[in-house]
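Order of listing sets the numbers, starting from 1, for every ligand and every atom in it.
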Amino acid sequence: MNRTHTNGELRRSDVGKSVTLAGWVAKRRNLGSICFIDLRDRYGITQIMFDESFDEAIKDIRNEYVLEVSGEVAPKDTPNPKLKTGEIEVRAKSFKILNSAKTTPMIIADKTDALEDLRLKYRYLDLRRRALYENLLVRDKVCTITRDYLHHHDFVEVETPILSKSTPEGARDYLVPSRLYKGKFYALPQSPQIYKQLLMIGGMDRYFQIARCFRDEDLRADRQPEFTQIDIEMSFAEEEDIFGIVEGLMQKIFKDIKDVDLEKSFVRLRYDDAMKYYGSDKPDLRFDMKLHDLNDIFKETTFSIFKDVLTDGGLINGLKAKGGAKFSRKDLEHMQEFIKIYKAKALSWLKYQNGELSGSILKFLSDQEKAALVEEFALDDGDIIFMIADEKSVADVALGALRVKLAKDLDMIGEDQYRFVWITDFPMFEYSKEEGTYVACHHPFTAPHKEDVDKLLNDKANCYSRAYDLVLNGYELLSGSVRIHDQDMQEKVFEALGLSKEEAKDKFGFFLEAFEYGAPPHLGVGIGLERLVMILCNTDNIKDVVAFPKTASATCLMSDAPNTVDEAQLKDLKIKVV
Ligand code: ASP
């Protein structure tokens, strides 16, 4: 075509040039006999000036028409400092209408108040908005940097099958019926886990893939049924090797995209310590506020609520919020309700003002306990302490959640802070109430701690694994683990997970067999690409970083998927809908 420049390109130094631009009509303004049109494309907006000679020719042009305009670059009488091209305009000499457009169902502007459903139905119009385009640009940059960086470190990009066999990542599979084999199904990969491990057995040594994963689970605001992982696996390596690779990658991404220098090496925190000090396995370390185990202080307490909890082996957990004495009764009542979401029964608080504690539970505490609390938390005037006495897991998680809420309420989180932390030594198993049994905390290919091998079958609750997560500002960015590379060990873990020998053989026979032919020690990670891009784009809506996202109920409002299919297709597949 004839385009000589984009709509973001022309500057004062181009004045006098003859140019041809193309794009969409973003806005039209008639000023007496002349008409100004803002022409938009991916790169920006340029003002076009049509003089009175075009009066008739342009009378039908409306927003979102597609035009090609030729003319001369001229300086603008009143420059627009908001636009990169704000110092010039193009005086039209000729133009072509490349296409017309109906009135759009939503206004196409940087900020939109159109409802999300409408934006999803007309996603291609929403994509014309700069904000969305810029998010996709960040996503593209992350992928480019990742590819370059990993190639530089000898990783090879390999595609693994989409039509595959079930991979256990703890979600439901999406199934695809086989036409040739009646009653048989492929499963879409929940992750490339098995294939990437087979690549290690195949001698690939260092693999990566920007891999599409599918998980049919109940959706939340930050999930999509299909999503992308930067999937990495390496052989002859241990935790510190992969940590170094990932740290280098994050440093590069944050430098190139945000111009932020991350610390050389990220903090490491054992899972148990993360729970103990932050009440979460995804602690937000942008603020400190650690939890304190107060059992010792209250070991002789006569306050019956605390006493009963201690007798039952529970935990009295506390935290200090700096400057929190200013919270009103209403604020505190609101927090009482908040901790109930996390199944805690009650929240106690004590304010510290003018050198004295106050609060409804104060009368139940001895002088010694009060003094011990002031010392434990190094209280300053204007502080508040919160306490939850409950089962340990409840007291940890509820106070951990309150910790995050307090930091937000008290404005303790500065902008553009990026605090990474590796969480290591996860438990090997977790008890699933729904399934009434222990399930893998990460996935069943994760290696147990060397010293915990004996606990695999007899002491699951205390068996730890070599799984790790990377957490950024309270978000789980990545999971991974050292893998089992020994057939006996893999069989033992299947047994611990209640999989009979027959079931294990049926599901993973090919995988177990591969271990008989010399599997190297290996480990890996899967980085959530969308999560990473969300953080880089300062959004908490995953749809903002996906070109064609699904709704929270896994539908596509634009194409109407999922949908019914022809009777003939079902017949081919020998499927009957009942
Ligand atoms: N396959 C894992 C996951 O999707 C990541 C890994 O262990 O590499 O969570």
Side-chain angles (χ1 to χ4, degrees), residues 146 150 155-162 164-174 187-201 204-217 220 222-235 237-239 241-247 249-250 271 281-282 422-430 439-448 464-472 475-485 490 493 497 507-508 511 519-532 542:
T146 300
L150 290 174
F155 286 82
V156 180
E157 185 167 16
V158 183
E159 286 169 284
T160 54
I162 294 293
S164 72
K165 215 177 161 178
S166 179
T167 342
E169 294 281 0
R172 206 176 282 119
D173 286 323
Y174 277 102
L188 303 184
Q190 290 187 34
S191 85
Q193 187 62 36
I194 290 184
Y195 292 107
K196 67 173 170 173
Q197 291 194 240
L198 290 168
L199 283 169
M200 293 304 105
I201 299 176
M204 185 55 71
D205 199 66
R206 291 181 166 209
Y207 140 97
F208 84 98
Q209 179 178 195
I210 299 189
R212 196 47 78 91
C213 305
F214 305 85
R215 297 184 191 177
D216 188 1
E217 47 193 349
R220 293 195 311 236
D222 62 348
R223 285 208 182 134
Q224 283 278 299
E226 54 181 304
F227 60 94
T228 305
Q229 261 184 11
I230 302 172
D231 199 44
I232 305 177
E233 198 76 5
M234 64 198 284
S235 295
E238 297 212 316
E239 284 91 331
D241 302 299
I242 190 96
F243 289 4
I245 293 285
V246 171
E247 286 170 1
L249 176 60
M250 292 302 143
Y271 168 88
D281 59 359
K282 329 185 228 305
W422 288 102
I423 308 295
T424 64
D425 306 273
F426 272 80
M428 184 78 184
F429 306 104
E430 62 192 341
V439 296
C441 213
H442 186 40
H443 51 54
F445 313 118
T446 298
Y464 286 84
S465 75
R466 294 177 75 183
Y468 37 79
D469 279 359
L470 181 63
V471 171
L472 168 57
Y475 286 99
E476 178 195 318
L477 204 60
L478 147 175
S479 289
S481 59
V482 174
R483 323 298 185 191
I484 297 165
H485 67 280
Q490 188 64 73
V493 169
L497 291 168
K507 283 194 168 145
F508 308 112
F511 189 51
H522 60 287
L523 80 179
V525 297
I527 304 171
L529 175 66
E530 285 87 1
R531 257 289 152 92
L532 177 57
I542 188 169

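For Ser191 and Gln229, the side-chain atoms include no donor-acceptor pair closer than 3.5 Å. Side-chain contact annotation: Tyr207 with Asp231, donor-acceptor N/O pair under 3.5 Å present. Ser235 and Asp205 share no donor-acceptor pair across their side chains, judged by distance under 3.5 Å alone.
Aromatic pair Phe445/Phe511: centroids less than 6.0 angstrom apart.
With respect to Arg483, the side chain to side chain donor-acceptor pair (under 3.5 Å) criterion is satisfied by exactly one of Gln490, Gln197, His522, Glu233: Glu233.
Within 4.0 Å of ligand 1, heavy atoms belong to protein residues Glu169, Ser191, Gln193, Lys196, Arg215, Gln229, His442, His443, Ser479, Gly480, Arg483, Gly524, Val525, Gly526.
Scanning for ring-ring contact (aromatic ring centres under 6.0 Å, His included) contacts around Tyr468 gives Phe243, with sequence neighbours left out.
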